[in-house]
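Letters go in sequence order (proteins before strands), and every chain restarts at 1.
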Amino acid sequence: MKPESILNLIFWFQNNRTDHFFRTHRNVYATWISEIALQQTRLAAALPPLQKFLDCFPDLQSLAVANEEQVVQCWQGLGYYNRARNLHKAARYITENHSGSFPNSVEELKKVPGIGDYTAAAIASIHFNVKVPVIDGNVKRIFSRLHRLDYNPAPEKLRDILTHIINHVQEPGEFNEAIMEFGQKICLPSSPACPSCFLQEECIAFRENVTAAFPPKIKKEKTAVAWDIYLFTRDKSHIGIIRIPEDFPFLRGHMGFPGYLTIKDNTFSIGIDMDVQPKAKLSGNFKHTIMHYLISASVFVVPADSLSTLPDEILFIPIAQLGATFPSSFMLKAAAFLN
DNA sequence: AAATCGGGGGC
DNA sequence: GCCCCAGATTT
Ligand code: SF4
């Protein structure tokens with residue numbers, strides 16, 4: 001990147017930045033939570049649940065004293081629930097090892113559960129003025145096009161280039177935010193706004209008219225799977241739920257409905273013994289995607305007293321409590337069939 | 001180095 | 001419907 005382009009980028013950012021709620025009154029706690037929430041998640045999708053999470057846990061102490069299940073529940077709608085579990089661990093880790101205030105070096109930040117290269121660089125540069133570059137999806141995409149190279153995974157050479165740039169910048173945090181917001185608003189993942197881009201001249205992919213081919217896209221196989229869900233009702237007001245076991249492919253440890261998932265020839269069960277599979281009438285179907293799994297879900301409503309046996313660990317709760325008990329969107333979609 | 005781990009906005 | 005995102009951790 002030419003020195004002039006770096007200045008243009010910062011100037012563009014100063015005039016076009018969006019003042020999101022999580023960074024208007026800057027504090028390191030809110031930055032941390034928002035950076036974690038935005039991992040692999042588009043801004044528009046993350047904002048409402050992020051606002052809810054910050055309302056629920058406004059500071060490090062409130063997060064540290066909560067229990068893990070509450071924290072995961074408040075992560076509702078964001079997915080990748082280990083991020084929530086790590087937030088909770090991290091709050092306790094910082095409380096115990098750093099007297100409740102964030103460490104200010106990349107090295108120490110990376111020891112915090114859930115904080116890796118990217119998040120450590122973001123926090124260190126934005127809040128402690130450390131000259132360290134962030135390397136996220138935006139940065140890799142932008143430089144992949146500028147250089148017409150595949151930067152995924154990011155080679156050491158890219159880090160060197162960025163480190164050199166940021167060493168010549170006054171405010172590293174501002175530069176890091178600038179390049180990410182440039183990626184989010186101008187050098188978009190698809191259909192980048194090249195006609196209005198101030199980096200055109202030095203952008204090799206643009207000059208060679210191959211921006212659509214960079215970064216190279218990797219397409220991954222999708223797998224169609226079937227998931228049968230059983231809604232065991234009691235007294236028309238209560239519903240049977242159970243903890244999803246640790247050997248399940250996803251949503252492990254969440255509360256959910258009993259059922260079983262079939263992936264190719266493998267069956268994963270949640271509380272259901274296949275041999276005593278209840279006779280039930282199909283109440284409806286829905287589709288949902290988790291990772292590369294295309295799930296066709298079938299929902300069966302079964303009055304619990306019509307069955308001779310039930311899973312031992314099943315718990316009956318008021319239907320109205322489901323929204324505060326299920327973190328996952330998948331189970332909440334199934335719950336909608338109770339109406 | 002490669003697999004794992006959710007979800008929804010926007011095209 | 002499909003794509004891909006302000007990644008981290010485990011294997
Ligand atoms: S010219 Fe297009 S592809 Fe190149 S940096 Fe600008 S927006 Fe991105």
Is the [atom1] atom of [X] crowded by more than 12 outside heavy atoms at less than 6.0 Å?
| X | atom1 | value |
| --- | --- | --- |
| A:Gln170 | CD | no |
| A:Glu201 | CD | no |
| A:Gln200 | CD | yes |

Whole-Å distance between [N] [atom2] and [X] [atom1]?
| X | N | atom1 | atom2 | value |
| --- | --- | --- | --- | --- |
| A:Ile123 | C:dA6 | CD1 | P | 18 Å |
| A:Lys140 | C:dG7 | NZ | P | 8 Å |
| A:Arg83 | B:dT4 | CZ | C1' | 14 Å |
| A:Phe330 | B:dG6 | CZ | P | 13 Å |
| A:Tyr80 | C:dA8 | OH | C1' | 10 Å |
| A:Phe22 | C:dA6 | CZ | P | 11 Å |
| A:His254 | B:dG7 | NE2 | C1' | 12 Å |
| A:Leu294 | B:dG7 | CG | P | 14 Å |

Approximate separation, where rounding is to 0.5 Å, of [X] [atom1] and [Y] [atom2]:
| X | Y | atom1 | atom2 | answer |
| --- | --- | --- | --- | --- |
| A:Ile36 | A:Arg83 | CD1 | CZ | 8.0 Å |
| A:Gln76 | A:His254 | CD | NE2 | 10.5 Å |
| A:Phe22 | A:Glu35 | CZ | CD | 7.5 Å |

Classify the nucleic acid contact of [X] as base, sugar-phosphate or nothing, counting any heavy atom under 4.0 Å across all strands shown.
| X | result |
| --- | --- |
| A:Lys219 | nothing |
| A:Pro113 | sugar-phosphate |
| A:Asn138 | base |
| A:Leu78 | base |
| A:Asn176 | nothing |
| A:Ser328 | sugar-phosphate |
| A:Pro249 | sugar-phosphate |

Report the nucleotide, chosen from [options], that has the shortest atom-to-atom distance to any side-chain atom of [X].
| X | options | result |
| --- | --- | --- |
| A:Met291 | B:dC5, C:dC4, C:dA6 | B:dC5 |
| A:Thr119 | B:dG6, C:dA6, C:dA8 | C:dA8 |
| A:His288 | B:dG6, B:dG7, C:dA6 | B:dG7 |
| A:Arg23 | C:dA6, B:dG8, B:dG6 | C:dA6 |
| A:Ala45 | B:dT4, B:dG7, B:dG9 | B:dG9 |
| A:Leu251 | C:dA8, C:dC4, B:dG7 | B:dG7 |

Please state whether the base of C:dG7 and the side chain of A:Tyr118 form at least one donor-acceptor pair under 3.5 Å?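 Donor-acceptor pair under 3.5 Å: no.
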
In whole Å, what separates the [atom1] atom of [N] from that of [M]?
| N | M | atom1 | answer |
| --- | --- | --- | --- |
| C:dC5 | B:dC5 | C1' | 14 Å |
| C:dC2 | B:dG6 | C1' | 16 Å |
| C:dA6 | B:dC11 | P | 14 Å |

Applying a 3.5 Å limit to both distances, which nucleotide forms a Watson-Crick or G-U wobble pair with C:dA8?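 Partner of C:dA8: B:dT4.
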
Plane angle bin for A:Phe248 and A:Phe268 - parallel if under 30°, tilted between 30 and 60°, otherwise perpendicular: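 It falls in the perpendicular class, over 60°.
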
In terms of ring plane angle, is the pair A:Trp12 and A:Phe182 parallel, tilted or perpendicular, where the classes change at 30° and 60°?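 The rings of A:Trp12 and A:Phe182 stand perpendicular, inter-plane angle above 60°.
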
Members of residues 30-44 of chain A that approach DNA chain B, where some heavy atom sits under 4.0 Å away: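 Correct list: A:Gln40, A:Thr41, A:Arg42, A:Ala44.
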
Quick check: on DNA chain C, is the nucleotide nearest A:Lys287 upstream (toward 5') of the one nearest A:Lys220, or the reverse? Name the residue that is more 5'.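 It is A:Lys287 whose nearest nucleotide is closer to the 5' end.
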
5'-most contact on DNA chain B: A:His292 or A:Pro153, nearest heavy atom basis?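 Going by which nucleotide is closer to the 5' end, it is A:Pro153.
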
Compare all side-chain heavy atoms of A:Leu307 with those of A:Tyr230 and state whether any distance is below 4.5 angstrom.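 They are not in side-chain contact.
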
Please confirm whether the shortest side-chain N or O distance from A:Ser329 to OP1 or OP2 of B:dG8 is below 4.0 Å.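 Checking A:Ser329 against B:dG8: at least one side-chain N or O falls below 4.0 Å of OP1 or OP2.
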
